[in-house]
Student: 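Before I ask anything, here is the structure I am working with.
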Amino acid sequence: MPIEFSNWWQIIIPPVAGSIIGYFTNDLAIKMLFRPYKPLYFFKKQLPFTPGLIPRNQERLAKRVSDTIMSSLLTPDELQKLAKRLLQTERVKGAILWLLQLALKQIKEDKEQKTAKILADILRDLFGDSLPKLLKVIARKDEFLQKQIDQIFDRILLEFKLTEIQARQLSDWLLEVIFAPDLLRLALINFLSDRNISVIDDGFKEKTSGTYWVVANLFGVKNALSRLRTFCLDEKEIANTRIKELLLSLEIRNRLKEFFLTFSLQNLPVATVNQLRQTTNKAVRDYIQEKGANFIHEFSSSIEWQKVSILIINRLQASSVVSNSLGLISEELALILERYLEEDLEKIVAEAIPILSIDQVIIDRIKATTPENLEEATQSIVKSELQAIVNLGGILGFIIGVMQSVILFMK
């Protein structure tokens, strides 16, 4: 029997109640995915469905997400393709150039001179310890530096000639230091000993003939040489002046200069040059083998490497060559890296995956995220979809309510 219209509420209530129940039930179900965030207890017993589904299974969810990503998204092949895109020559060149410029800027702003200290330690170790040890080992070889010394001898010493200024300076030095009047006087005194004077006098008497024999036997040279020695001993200043005047009269300075200007090893006989080459080679090699390591070590100890390092760094900072070379250096390094990666990129990626532990990073990151943040992140991603589910619950509840009202109306 049809229902009376006075009981209209029996028809209206089912759709309204169904839509309300469907709407809020879906909304509650979605919220229960995340809430409550922590377990709730009643008389020390944990209530069911607390915490929410996702917080309760967060660790398992993290493992599933990690496995899904690593098995389908971040596979070795995909990581290798990603590495190739990231490590393209232009990108690598730009990165290396940026690093070099950053390093150069850091060096310029280094007030504590850390770079200079590091460079000083490197130079000190290189020249003070490493190079002497290396030299001791290399110097044991029979042909050590033989070719190099011969080349230096042939290309430099054989072709070496003094300029006019150098010849004049060397002549002046010899006359002032080696052939100084006072030194020549002392040398003459030492030479004119009693024995030498007797030997000269006897030889002059025995080996002369004619007029010279008469002079030698009647007068002799013994008396003259003795008086010359006495003059040099007693009259030092006058003797020095006479020797100086004699050097000027004989133009010794000009003669020495002309000799040095024309002197060349090429004018010597070939046999003499070869012997001189062998002697020079042997002398240099023997000295380096015996004393070279100690000389380098002592020489290194006498150098203030800290100041040398500061000078080197300051020079490099102000050098336009260094600044202009950064681009070329970065390009060459990028090409070297590219050639290396072409051969070993697959191997590097295979070794890097376990080291990076990407799966564990994903798990730890998800586990460390609070349920509030997980809910917020999920809502921000699928907010419209979740709201559609809630709305769909209301619509389905309304439809079921309408169907129920229709059934009631038909009775």
Student: Phe231: what forms a ring pair (Phe, Tyr, Trp, His ring centres under 6.0 Å) with it, not counting sequence neighbours?
Tutor: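 Ring pair (Phe, Tyr, Trp, His ring centres under 6.0 Å) list for Phe231, sorted by chain: empty.
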
Student: Which residues pass the side chain to side chain donor-acceptor pair (under 3.5 Å) test with Ser198, sequence neighbours left out?
Tutor: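 Side chain to side chain donor-acceptor pair (under 3.5 Å) list for Ser198, sorted by chain: empty.
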
Student: Residues in side chain to side chain donor-acceptor pair (under 3.5 Å) with Asp125, at least two apart?
Tutor: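 Testing Asp125 for side chain to side chain donor-acceptor pair (under 3.5 Å), a comparison that skips the adjacent residues, returns Ser130.
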
Student: For Lys63, check side-chain contact (heavy atoms from CB on, under 4.5 Å) against everything at least two apart and list the hits.
Tutor: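 Testing Lys63 for side-chain contact (heavy atoms from CB on, under 4.5 Å), a comparison that skips the adjacent residues, returns Asp67, Ile363.
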
Student: On a heavy-atom basis, which atom in Arg229 and which in Leu192 lie closest, and how many Å separate them?
Tutor: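 Heavy-atom minimum between the residues: CD-O, 2.8 Å.
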
Student: Considering residues at least two apart in sequence or located in another chain, which fulfil the side-chain contact (heavy atoms from CB on, under 4.5 Å) criterion with Asn196?
Tutor: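 Partners of Asn196 by the side-chain contact (heavy atoms from CB on, under 4.5 Å) criterion, ordered by chain and then number, come out as Phe191, Ser193.
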
Student: Can you sort out the partners of Lys282 under side chain to side chain donor-acceptor pair (under 3.5 Å), two or more places apart, ordered by chain and number?
Tutor: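 Lys282 satisfies side chain to side chain donor-acceptor pair (under 3.5 Å) with Asp286 only.
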
Student: Looking at Ile197 and Ser226, what are the two nearest heavy atoms and their distance?
Tutor: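 Closest pair (atom of Ile197, atom of Ser226, distance): CD1-OG, 3.9 Å.
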
Student: I'd like to check the side chain to side chain donor-acceptor pair (under 3.5 Å) partners of Ser300; sequence neighbours left out, ordered by chain and number.
Tutor: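 Expected list: Trp305.
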
Student: Within this structure, what is the CG-CG distance for the pair Asn223 and Leu228, rounded to the nearest 0.5 Å?
Tutor: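 Asn223 CG to Leu228 CG: 11.5 Å, rounded to 0.5 Å.
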
Student: Which residues pass the salt bridge (Lys or Arg N to Asp or Glu O under 4.0 Å) test with Lys236, not counting sequence neighbours?
Tutor: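 Here no residue qualifies.
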
Student: Can you name the residues that form a side-chain contact (heavy atoms from CB on, under 4.5 Å) with Ile118, not counting sequence neighbours?
Tutor: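 Listed in chain order: Ile122.
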
Student: Which value, rounded to the nearest 0.5 Å, describes the distance between Ile165 atom CD1 and Leu170 atom CG?
Tutor: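 The CD1 atom of Ile165 sits 13.5 Å away from the CG atom of Leu170.
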
Student: For Glu258, enumerate each residue passing the side-chain contact (heavy atoms from CB on, under 4.5 Å) test, keeping only those at least two apart in sequence or located in another chain.
Tutor: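 None.
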
Student: List the residues meeting salt bridge (Lys or Arg N to Asp or Glu O under 4.0 Å) with Lys307, not counting sequence neighbours, and say none if there are none.
Tutor: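 Partners of Lys307 by the salt bridge (Lys or Arg N to Asp or Glu O under 4.0 Å) criterion, ordered by chain and then number, come out as Glu304.
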
Student: Applying side chain to side chain donor-acceptor pair (under 3.5 Å) as the test, list every pair that has at least one member in residues 167-181; sequence neighbours left out.
Tutor: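 Qualifying pairs, neighbours excluded: Asp172-Arg253.
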
Student: Under the side-chain contact (heavy atoms from CB on, under 4.5 Å) rule, what do Asp182 and Arg185 come out as? Steps first, then yes or no, please.
Tutor: CA-CA 5 Å; Asp182 191 61; Arg185 181 181 63 81; 2.8 Å; yes

Student: Do Leu247 and Leu184 have side-chain heavy atoms sitting under 4.5 Å apart?
Tutor: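 Yes; the side chains approach each other to less than 4.5 Å.
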
